[in-house]
Amino acid sequence: MKHIAALQNLVTAASLDGGPSAAELDAIELEMPLIRAEVELLDAQIMTLDRPATELDERRIRRARRRVLAARRALANTTAGEAA
């Protein structure tokens with residue numbers, strides 16, 4: 001009977017040992033305003049799933065969309081400024 005064994009070390013064992021690096025945490029910190037704006041937009045959209053949207057709901061969604069666009073613009077300008 002032949003024994004079947006792995007001939008190579010596990011590939012993922014070393015990568016699971018540590019947490020995110022400082023550079024990854026900095027990138028997350030930089031993107032946090034956009035993440036918060038997207039969550040706010042998603043919350044506004046979820047509230048209107050099970051009922052018709054009222055005028056207040058529509059305004060809330062419009063404002064949330066504008067915040068997402070503003071956060072994306074700010075992030076793009078920040079990263080473009082760093083690349084230059």
Side-chain angles (χ1 to χ4, degrees):
M1 171 183 280
K2 288 187 178 183
H3 294 284
I4 300 173
L7 299 177
Q8 298 176 350
N9 292 334
L10 292 174
V11 176
T12 57
S15 64
L16 294 177
D17 291 339
S21 68
E24 291 170 333
L25 290 174
D26 289 341
I28 292 169
E29 180 88 19
L30 186 65
E31 293 177 7
M32 193 53 69
L34 176 59
I35 294 168
R36 285 189 186 113
E38 288 176 339
V39 167
E40 185 179 332
L41 174 60
L42 187 59
D43 286 343
Q45 291 171 335
I46 287 172
M47 286 196 294
T48 62
L49 285 178
D50 62 346
R51 60 181 167 82
T54 63
E55 180 64 30
L56 180 63
D57 293 330
E58 290 172 5
R59 278 190 264 159
R60 185 178 292 125
I61 290 171
R62 277 195 307 268
R63 273 182 289 183
R65 283 185 181 142
R66 283 194 296 259
R67 285 188 192 111
V68 168
L69 291 174
R72 284 182 184 166
R73 182 182 61 234
L75 182 62
N77 289 338
T78 302
T79 55
E82 290 175 2

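The residues of the chain are indexed from 1 along the displayed sequence.
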Can you give the donor-acceptor pairs under 3.5 Å from side chains of residues 42-50 to other protein atoms, not counting sequence neighbours?
unit_1: Thr48; atom_1: OG1; unit_2: Gln45; atom_2: O; d: 2.9

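For Asp57, the salt bridge (Lys or Arg N to Asp or Glu O under 4.0 Å) partners at least two apart in sequence or on another chain are Arg51, Arg60. Residues meeting the salt bridge (Lys or Arg N to Asp or Glu O under 4.0 Å) test with Arg62, sequence neighbours left out: Glu55. The salt bridge (Lys or Arg N to Asp or Glu O under 4.0 Å) check on Arg73 picks up nothing, with sequence neighbours excluded. Every salt bridge (Lys or Arg N to Asp or Glu O under 4.0 Å) that Glu38 has, sequence neighbours left out, goes to Arg72.
The structure places CZ of Arg36 at 11.0 Å from CD of Glu40, a figure rounded to the nearest 0.5 Å.
Residue Val68 belongs to a hydrophobic cluster whose other members are Leu30, Leu34, Leu41, Ile61, Leu75, with links defined by side-chain heavy atoms closer than 4.5 Å.
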